[in-house]
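Only one structure is covered here, and it is reproduced in the block below.
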Amino acid sequence: ADAFDAGRDPLLDDDGDGFEGAQQGEERQLKDAVLLMVDCTQRGALEPLKAGGRSLVGEALAAAATLLKRKVVSAPDDKVGVALYGVREKQNPNGFEGIRILQELDRPSAQRIRQLEVEIARPAASFEERYGHGHAVPLSDVFWTCTTIFNLAANAKQFEPRVWLFTSNDSPCAAPGEREAAETRAQDLRDLGVGIEFFPLPPSGAPFVMERFWDRVIPVDADDFIDRAVVTLGNLERWIRMREHRKRTLQRLNFEICPGAEVAVCIYCTIIEAKIPQPVYLLNENNKMLKSETKNLCAATGAVLHPVDDVETFVEIAGERVPVGRSEVEEVKNFGEPGIHLLGFKSAGTLLPHHRIFHSYFVYPNDRAVSGSSALCQAMIDSMLDRNLMAIVRYVARRNAAPALAALLPQAELVDEDGIQTRSPGFHMVRLPWGEEIRNVEIPAPAAPAPPPELAVAARSVVSSMRLEGFRPGCAENPVLQKHYAAVQALALGEDHPAETADVLQPDAAALEENAPLFE
């Protein structure tokens with residue numbers, strides 16, 4: 001089928017999940033493994049972060065419960081674990097003092113969620129009596145424990161590990177030796193492919209300075225929600241929902257510059273619509289997943305037909321059936337291995353708005369697969385930007401997929417005054433339409449007199465007043481999707497009523513009232 005049919009994304013399967021179409025074939029995405037590390041070393045870890053609110057420990061455990069509730073519905077095969085450091089007892093695979101695993105890295109369940117809810121409701125005095133807090137723990141031991149837990153419970157071939165770190169201390173390492181050890185262990189984690197995500201939660205009004213220590217340990221993404229700032233408690237649960245959907249590599253492909261010269265690239269989808277997952281059929285006796293099987297039966301005898309030996313395929317030509325074997329069909333559909341092949345360059349100004357018939361992808365060099373990919377791609381980006389060019393490539397998304405023409409628009413790296421990267425270098429890949437897909441549509445304008453100038457000015461004022469400052473795609477959740485997950489979550493956990501979901505798409509009554517004179 002055509003890659004553009006019904007707006008279907010060729011990089012996504014029928015369930016809406018991406019795959020990595022490397023040379024080894026199509027691979028399913030790795031499952032998620034999230035380990036939440038909660039800092040209990042500060043004396044104020046059990047004190048409310050704001051008046052009438054929860055403490056740092058309570059907020060972190062509530063975030064863990066929120067994550068488990070979403071995982072138990074949307075991704076039951078993922079793993080989530082919770083650990084405390086700075087407590088009295090030790091309970092961890094390395095035997096380090098002050099580190100206690102509250103919940104092992106395991107699949108989500110209703111029992112684990114209820115256990116966390118009990119811990120969230122536990123008073124500070126009871127928490128102190130059972131676990132204690134305020135004990136000094138080297139941060140290098142914390143990162144080392146994370147490495148051991150992932151090695152034991154999350155196979156690198158099946159899981160993509162992440163650490164969520166909750167703390168209110170912006171300077172956890174006083175001695176230079178302790179700081180160097182923590183940086184080394186954090187780098188070891190990243191070298192193993194573990195993503196470290198940071199949630200600074202200082203008390204209300206207290207400063208939190210990343211430059212004191214954490215900016216050298218935690219890679220801060222300037223395009224992400226942290227953006228070198230402190231997470232606000234009111235938005236913490238929303239940030240958790242956003243962080244649940246991690247950035248995925250849709251494909252790892254080779255980019256052929258010319259015969260004999262190839263680099264490796266990764267392809268990302270910057271934004272895509274979130275949809276309700278496909279339903280899963282279960283056996284009502286034991287709730288086990290049902291597997292469907294399809295068999296071909298002979299109409300005359302009712303015997304089961306073998307799909308290869310007993311079933312023939314054909315192509316009808318001039319009213320006659322011409323037998324075509326399955327291997328021949330596969331050979332006809334084969335346009336080469338998945339990859340990107342450079343065809344040439346054109347002026348970037350020749351790409352018109354109506355050529356963008358589908359969302360773009362982002363192409364980023366992959367030095368792990370082919371050394372030197374970043375250097376060559378950077379040279380291409382600099383040269384194309386200097387000459388205002390775009391690259392035209394032949395793009396084969398997957399095996400047996402029809403090739404497509406695409407334009408690669410270069411994007412230079414951008415850093416702020418502090419040296420933090422705010423825009424990654426790479427290429428925006430825009431799939432181009434074929435000539436027959438471009439049509440001239442004439443829409444006759446209604447016969448009406450031109451509006452008076454004062455009416456046009458008033459209309460522009462109305463439109464300008466409705467503009468949303470700082471709007472980014474993805475900043476508003478789909479209310480239908482949120483209600484669906486809330487209902488499924490309540491059903492899975494045996495709750496009486498689904499959790500309330502805020503509809504952020506409702507009109508802003510205060511803004512409409514403020515701009516009411518413009519509508520009169």
Side-chain angles (χ1 to χ4, degrees), residues 36-70 82-88 100 102-103 113-137 164-172 197-214 218 220 224-244 470 475-477 482 486 495 497-504 506 508-511:
L36 289 84
M37 302 296 297
V38 185
D39 183 4
C40 302
T41 58
Q42 294 288 94
R43 284 296 177 184
L46 300 181
E47 299 176 1
L49 296 177
K50 64 178 182 179
R54 288 190 289 245
S55 64
L56 166 71
V57 175
E59 291 290 349
L61 296 182
T66 299
L67 181 62
L68 279 172
K69 289 178 180 179
R70 298 186 64 81
V82 183
L84 311 174
Y85 67 95
V87 294
R88 183 188 313 109
R100 179 189 176 99
L102 190 62
Q103 285 194 348
I113 295 172
R114 285 191 288 268
Q115 178 189 353
L116 279 180
E117 290 176 345
V118 171
E119 296 296 339
I120 295 169
R122 186 185 297 277
S126 176
F127 187 95
E128 170 64 26
E129 180 181 354
R130 179 164 183 175
Y131 302 109
H133 80 293
H135 299 268
V137 175
W164 288 9
L165 185 59
F166 294 81
T167 184
S168 60
N169 187 5
D170 58 0
S171 183
E197 299 173 10
F198 195 48
F199 294 83
L201 294 173
S204 179
F208 192 98
V209 183
M210 290 285 296
E211 288 76 7
R212 289 182 179 175
F213 172 75
W214 289 108
I218 307 296
V220 179
D224 219 331
F225 71 90
I226 287 286
D227 197 13
R228 299 170 59 84
V230 175
V231 178
T232 58
L233 296 181
N235 292 331
L236 179 59
E237 185 175 350
R238 183 165 176 259
W239 296 144
I240 292 296
R241 291 200 302 269
M242 294 173 63
R243 299 304 288 171
E244 180 192 352
C475 65
E477 298 91 357
Q482 297 302 317
E495 299 174 348
H497 302 285
E500 293 293 332
T501 57
D503 188 352
V504 296
Q506 290 294 327
D508 189 345

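The figures here come from the full heavy-atom set of this structure, side chains too, leaving out hydrogens, waters and symmetry mates.
Nearest heavy atom pair, residue Leu116 against residue Leu68, reads CD1-CD1, 3.4 Å. The two residues Gln115 and Leu102 come nearest to each other via the heavy atoms NE2-O, 3.7 Å. Annotation for Trp214 and Pro172: closest pair CZ2-CG, 3.6 Å, computed over non-hydrogen atoms. Listed here is the closest heavy atom pair of Pro48 and Gly53: CB-O, 3.4 Å. Contact between Leu46 and Ala124 at its shortest, heavy atoms only, is CD1-O, 3.8 Å.
Looking at Asn169 and Thr167, their side chains never bring a donor and an acceptor atom within 3.5 Å of each other.
Remark: Arg114 engages no residue in a salt bridge (Lys or Arg N to Asp or Glu O under 4.0 Å) (not counting sequence neighbours).
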Derivation of the side-chain contact (heavy atoms from CB on, under 4.5 Å) call for Leu67 and Trp164: CA-CA 11 Å; Leu67 181 62; Trp164 288 9; 3.9 Å; yes
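Considering only heavy atoms from C-beta on, Cys40 comes within 4.5 Å of Val57 through its side chain. A 4.5 Å side-chain heavy-atom check between Glu119 and Arg130 finds at least one atom pair inside the cut-off. Between Lys69 and Glu117, some side-chain heavy-atom pair lies under the 4.5 Å cut-off.
In this pair, Phe199 and Phe166 present their aromatic rings parallel. The plane angle is below 30°, not in the 30 to 60° band.
The backbone N or O of Arg43 lies less than 3.5 Å from a partner atom in the side chain of His133, making a donor-acceptor pair. No donor-acceptor pair closer than 3.5 Å links the side chain of Arg88 to the backbone N or O of His135.
A distance of 6.0 Å separates CZ of Arg54 from CD1 of Ile120, quoted to the nearest 0.5 Å. From Leu201, atom CG reaches atom OG of Ser55 across 10.5 Å, with rounding to the nearest 0.5 Å.
The existence of a salt bridge linking Lys50 and Glu59 is excluded, since no basic side-chain nitrogen approaches an acidic carboxylate oxygen closer than 4.0 Å.
Tested against Leu84 for a side-chain contact (heavy atoms from CB on, under 4.5 Å), the candidates Thr41, Val38, Asp39 yield a single pass: Val38.
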